[in-house]
Amino acid sequence: MTRIIRVSQISVSLRHDREQVFQKACRMVGVRARDVQRFQIVKQSVDARHKEDLKYIYSIDLRIGEKTSYRRQDGRVQEVFPVEYHPEACGNVSLSAPVAVIGSGPAGLFALICWQSTAISRLFLSAANVWRRDRRM
């Protein structure tokens with residue numbers, strides 16, 4: 001069994017590589033690099049508050065063994081539990097008109113993904129084009 005440890009606010013210079021981020025995260029958590037089974041970058045952002053000192057800020061997940069101890073640091077190191085989202089299956093509902101999804105933002109695209117496996121006819125509208133897809137099973 002393994003645990004996933006999220007390490008946040010890892011600050012590195014603009015000229016860096018993945019290995020430097022990994023080594024810094026291991027030091028913050030207090031684990032040896034060989035005890036980490038896998039690491040994944042969860043978030044990358046730029047700290048541009050000081051124009052002359054630009055930095056990347058990372059959040060990464062370290063997968064370690066169940067018995068491996070680690071150091072918790074002021075909210076920057078915490079154990080996370082992955083959650084898999086499974087949308088509820090939709091039934092075959094007969095509608096008088098197709099469902100309209102307006103916009104290609106996160107909610108609109110997620111709605112299209114959820115409706116992808118249904119027989120519901122849908123209409124997708126975005127600023128760039130109009131796309132219609134009828135799916136009959």
Side-chain angles (χ1 to χ4, degrees):
M1 195 70 187
T2 61
R3 296 188 295 184
I4 299 174
I5 308 303
R6 177 150 307 151
V7 187
S8 302
Q9 299 177 9
I10 303 168
S11 177
V12 293
S13 68
L14 290 181
R15 293 194 172 119
H16 69 283
D17 58 9
R18 286 175 57 96
E19 185 64 25
Q20 289 173 324
V21 176
F22 173 66
Q23 292 297 332
K24 192 165 187 178
C26 289
R27 282 194 306 272
M28 288 174 68
V29 175
V31 298
R32 295 179 301 225
R34 67 175 181 239
D35 292 335
V36 177
Q37 298 168 3
R38 181 173 166 246
F39 95 99
Q40 176 181 3
I41 295 174
V42 177
K43 179 182 170 187
Q44 176 189 24
S45 58
V46 176
D47 181 1
R49 292 178 290 177
H50 306 288
K51 192 174 185 178
E52 64 282 345
D53 188 26
L54 298 176
K55 295 181 180 181
Y56 278 113
I57 307 295
Y58 285 95
S59 290
I60 69 167
D61 286 349
L62 300 174
R63 186 177 299 265
I64 61 173
E66 186 70 33
K67 301 205 185 263
T68 306
S69 62
Y70 66 95
R71 180 179 41 214
R72 292 165 179 83
Q73 254 189 8
D74 59 25
R76 298 188 322 172
V77 176
Q78 58 187 344
E79 187 170 356
V80 294
F81 304 94
V83 176
E84 291 186 26
Y85 180 73
H86 301 285
E88 292 185 23
C90 299
N92 291 332
V93 179
S94 60
L95 301 173
S96 59
V99 174
V101 177
I102 301 172
S104 59
L109 294 177
F110 184 72
L112 285 174
I113 290 169
C114 289
W115 282 324
Q116 193 174 24
S117 62
T118 68
I120 298 174
S121 174
R122 56 210 171 266
L123 175 66
F124 176 70
L125 301 173
S126 71
N129 60 3
V130 176
W131 173 70
R132 181 184 173 94
R133 179 173 180 188
D134 290 319
R135 185 171 180 176
R136 296 185 180 99
M137 300 198 111

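Under the 4.0 Å criterion applied to side-chain N and carboxylate O atoms, Arg63 and Asp61 are not assigned as salt-bridge partners.
By the side-chain hydrogen bond (donor to acceptor under 3.5 Å, both in side chains) test, Tyr70 is found to be paired with Arg72, residues two or more places apart in sequence or in another chain being considered. Applying the side-chain hydrogen bond (donor to acceptor under 3.5 Å, both in side chains) rule to Arg49 yields the partners Asp47; only residues at least two apart in sequence or on another chain are considered. Annotation: ring pair (Phe, Tyr, Trp, His ring centres under 6.0 Å) contacts of Phe22 (sequence neighbours excluded): Phe39. The salt bridge (Lys or Arg N to Asp or Glu O under 4.0 Å) test applied to Arg76 returns Asp74, not counting sequence neighbours. By the side-chain hydrogen bond (donor to acceptor under 3.5 Å, both in side chains) test, Ser11 pairs with no residue at all, sequence neighbours left out.
Arg71 places no side-chain N or O within donor-acceptor distance of the main-chain N or O of Val31, the cut-off being under 3.5 Å.
Looking at heavy atoms from C-beta onward, Ile57 lies out of side-chain contact with Ile10 at the 4.5 angstrom threshold.
Residues Tyr56 and Leu54 are members of one and the same hydrophobic cluster, defined by side-chain heavy-atom contacts under 4.5 angstrom among Ile, Leu, Val, Met, Phe, Trp and Tyr. Hydrophobic cluster membership is shared by Val12 and Ile60, with clusters built from Ile, Leu, Val, Met, Phe, Trp and Tyr side chains linked at under 4.5 angstrom. In terms of hydrophobic clustering, with Ile, Leu, Val, Met, Phe, Trp and Tyr side chains grouped at heavy-atom distances under 4.5 Å, Leu14 and Ile41 are assigned to a common cluster.
For residues 12-26, no residue pair satisfies the salt bridge (charged side-chain N to carboxylate O under 4.0 Å, His left out) rule, not counting sequence neighbours.
The distance from the OG1 atom of Thr2 to the CD atom of Gln37 is 5.5 Å, given to the nearest 0.5 Å. The CD atom of Gln40 sits 12.0 Å away from atom OG of Ser59, with the distance rounded to the nearest 0.5 Å.
Between Cys26 and the options Val36, Val7, Val21, Asp35, a side-chain contact (heavy atoms from CB on, under 4.5 Å) holds for only Val36.
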May I have the step-by-step check of side-chain contact (heavy atoms from CB on, under 4.5 Å) for Leu62 and Val29, ending in yes or no?
-> CA-CA 9 Å; Leu62 300 174; Val29 175; 4.0 Å; yes
